[in-house]
Number of protein chains: 2
Amino acid sequence: MTLYVNLAELLGTRIEQGFYRPGDRLPSVRALSVEHGVSLSTVQQAYRVLEDSGLAMPKPKSGYFVPVGRELPELPVVGRPAQRPVDISQWDQVLELIRAVPRKDVVQLGRGMPDVTTPTMKPLLRGLARISRQQDLRGLYYDNIYGVLELREQIARLMLDSGCQLSANDLVITTGCHEALSTSIRAICEPGDIVAVDSPSFHGAMQTLKGLGMKALEIPTDPITGISLDALELALEQWPIKAIQLTPNCNNPLGYIMPEARKRALLTLAQRFDVAIIEDDVYGELAYTYPRPRTIKSFDEDGRVLLCSSFSKTLAPGLRIGWVAPGRYLERVLHMKYISTGSTAPQPQIAIADFLKGGHFEPHLRRMRTQYQRNRDLMLDWVSRYFPAGTRASRPQGSFMLWVELPEGFDTLKLNRALNDHGVQIAVGSIFSASGKYRNCLRMNYSAKPTPQIEEAVRKVGAAAIKLLAEHNDSAEWDK
Amino acid sequence: MTLYVNLAELLGTRIEQGFYRPGDRLPSVRALSVEHGVSLSTVQQAYRVLEDSGLAMPKPKSGYFVPVGRELPELPVVGRPAQRPVDISQWDQVLELIRAVPRKDVVQLGRGMPDVTTPTMKPLLRGLARISRQQDLRGLYYDNIYGVLELREQIARLMLDSGCQLSANDLVITTGCHEALSTSIRAICEPGDIVAVDSPSFHGAMQTLKGLGMKALEIPTDPITGISLDALELALEQWPIKAIQLTPNCNNPLGYIMPEARKRALLTLAQRFDVAIIEDDVYGELAYTYPRPRTIKSFDEDGRVLLCSSFSKTLAPGLRIGWVAPGRYLERVLHMKYISTGSTAPQPQIAIADFLKGGHFEPHLRRMRTQYQRNRDLMLDWVSRYFPAGTRASRPQGSFMLWVELPEGFDTLKLNRALNDHGVQIAVGSIFSASGKYRNCLRMNYSAKPTPQIEEAVRKVGAAAIKLLAEHNDSAEWDK
């Protein structure tokens, strides 16, 4: 672990344990530099991490302070999943979640939907309409199996920002990131193989492992620094792991960005044990910090990282346009892509390529990042206000999803059922585990522009949780 | 085999062997009824089969005649694939075919593209443009995993014409027929399982079997009546076959429509051996006869048939909208669909549903059927004129693809390479076999409105074939 991360963790722990209280001035950069024998820039980096986690707040010319005005919920505890490969369950609950159609009378806090109503989307929609009107033959025919060339060129340019030097021919367009993930897994693994995953982990990727007959080995994951490298190393020593699948940037559901040094260390581990890395970067462009964080792929030298991403979170999921940079597995991925959907619809590809070429993507991203970051602060505030005492919550560094942890023994499945009648839907925590862990957790979406309705929905979730908790505390069942 | 098929085959053989010559009057319906001891309607059915195959021509009030004016090429011989399960090869050649992007300077006779330039497509494109302009939220979000309800309702109505009584909830929308096929296979089979296929068989479906680790057992298939039920029965007795995968309507590549009685008999076989049927009906709406032929699914009583189809051949492949009616395998197919692409893009689904609801589909289909049937006759004529003597060809009963068989020992891979410099591309026969059979065959597309350029392209294929044949006949290599 690098120095600044160590320092940030140390300070963070002190703040969270009440050593420094809300409103307190934190030690100066210089003082910490002397105290810990590190450079000034290391301390500054550490403070930036704390700032991003909402634990420190800069005041111009006065240094850093512990934020006042609201008490942030504590961070979620690090999960302790089974340290062995398991068959993945939870399909029924995932199915319930994805069966839900957008409905005006239900506030769907559960699904991974971005806000698609912003005016910065307009040029894209105009582009789509134009292509349809023209009866564009390219838009209606099968295209090259790699996908539309102009789009691949634009994505290669986009990925430069994440540190990746790729050409259009290193990329395969897919039908959403789902297809990128499933073709990647199938390109590497046989049924029965073991895949290590961060935990909690994106339910879609885990259901893919399940559907393809793989076993998941859940690795404990820190809500600020990501997957535990120690636990991963132990797992790699103990089990014949075929691939590591994770979301290091703006993790779903925890929201952290894995520090660069840890990304490098993970890659080194993968090289040492000769396993592939399936890197889900679907939220990478939505990091609140600029420039956007680097991918593990950007450090990859021998093509073992398969980078999967899409425009589903940055533009609109309904477009179903994703991509994979499969490195040395290109040929296998092409075959899997062909048998999965043939080729990807060209119309949205052409429209997105035009949108990027026209310079519309960067302003759109800026707007969305700002909106999502503001909404995060609001959502954290609502959780502090409306949820039971002792509720913990993540500190998302990007994207638009908050992970909330209720007291141990709490059952968010029951909570979701109780919310049915109130027109609110959440994502229950158990679908983020291969083995049904995190039953006391839930994930809420904060992409939409804040409205009294949404605040009311979050309040209802909190109120229902308080009610359930009280019932449980009254009942003898609680301790069973 | 039913009586009328028997009779049609008998008469067909007599015509092809020259017993009846071009211009000859064929025996009257009454005479044949007496001679073979069958009903008048059986003879009439037999004559309809012969008529569809171009072997008999009705003259009003005069009976049936052997057509004159052009000598039709003989029918392809029935293939003799290996009578054992094989690992599927040929991926490189398929990749070559699908890597090809539509190009103005190349006449692509090889790919399965419909004609998308007709005015009857206009309402669909206007609909797509309208949805994009409206920034329709449903179009941009994830939809229900089953797909857009209105489209499923329209497809259920459409499928009534094929004899299927289905509700919207029996259907899952997929990203093209490819995804329908691959989710079906994965819902039923495990890697290593054996799937019986018609032979020659659609290369996409076979590559799916390959990619998923299945073995294919190729069953000899008649160019007029379809998969051999005798050979299939033998195979079912000998091998632990998990599923039968075939295209009974407007077969790709042979173009036949399997007679109804044979469809029923096949289903009975599947019941007896308790195997599933994966029925590819992607060309069923493009049969030249009206009403369209029934599906095997329409006779299915215990949900063992998974019907797969799409709008790729009737509307446009670039839309990537297909569907599957998975019968008893619905739940498994849903899971496989979810992990494959999440959900299917809603915009084209909404546009297609509007197109169907608006009554635009039926007139469009009528126009395309007529165009494709005319083009078939033209294509057969061109093959008779430009191809080497002894060339055989299929008698497509629908769709837009002709299967051409050159003398044994001929290599269409070489032919395709020779055509590279001439701006023409064909589909080589070997990709339609799991084991590289049909090297002397090729498939040509006749969907486009005929132009001198297309005729010239077909002429070039024929001329190149004649040249290659002559070279081979001169060389000692020929008999090796």
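Everything numeric here is computed off the predicted structure, so don't read it as measured data. All chains are named by letter (A, B, ...) in the order of the sequence lines, taking the proteins before the strands, and each is independently numbered beginning at 1.
When A:Ala316, A:Ser182, A:Pro317 are compared by the number of non-hydrogen pairs under 4.5 Å with chain B, A:Pro317 comes out ahead. When B:Thr344, B:Ile145, B:Thr183 are compared by the number of non-hydrogen pairs under 4.5 Å with chain A, B:Ile145 comes out ahead. Each of A:His335, A:Glu190, A:Glu331 has some count of heavy-atom pairs under 4.5 Å with chain B, and the biggest count is that of A:His335. Note on B:Lys210, B:Gln207, B:Arg332: by heavy-atom pairs under 4.5 Å with chain A, the leading option is B:Gln207. In terms of heavy-atom pairs under 4.5 Å with chain B, the best-connected choice from A:Leu212, A:Thr174, A:Leu181 is A:Leu212. Comparing A:Leu128, A:Leu209, A:Leu149, A:Val94 by how many heavy-atom pairs each has under 4.5 Å with chain B, the most go to A:Leu128. By number of non-hydrogen pairs under 4.5 angstrom with chain A, the leading residue of B:Pro348, B:Ser343, B:Ala205 is B:Ser343.
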Please determine whether side-chain contact (heavy atoms from CB on, under 4.5 Å) holds for the pair A:Leu140 and B:Met121, giving the CA-CA distance in whole Å, both sets of side-chain angles, and the decisive distance to 0.1 Å. CA-CA 11 Å; A:Leu140 293 172; B:Met121 284 278 288; 4.3 Å; yes
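The aromatic rings of B:His178 and A:Tyr338 lie perpendicular to each other, with more than 60° between the two planes, well past the 30° mark.
Contacts between B:Leu315 and chain A at a heavy-atom distance below 4.5 Å are absent for every atom of the residue. Heavy atoms of B:Pro346 lying under 4.5 Å from chain A belong to its backbone as well as its side chain.
Expressed to the nearest 0.5 Å, how far CD1 of A:Ile339 lies from CD of B:Glu179 amounts to 11.5 Å.
Summarising the geometry of A:Ser132 relative to B:Ala129, their closest heavy-atom pair is CB-N, 3.6 Å, with the distance given to 0.1 Å.
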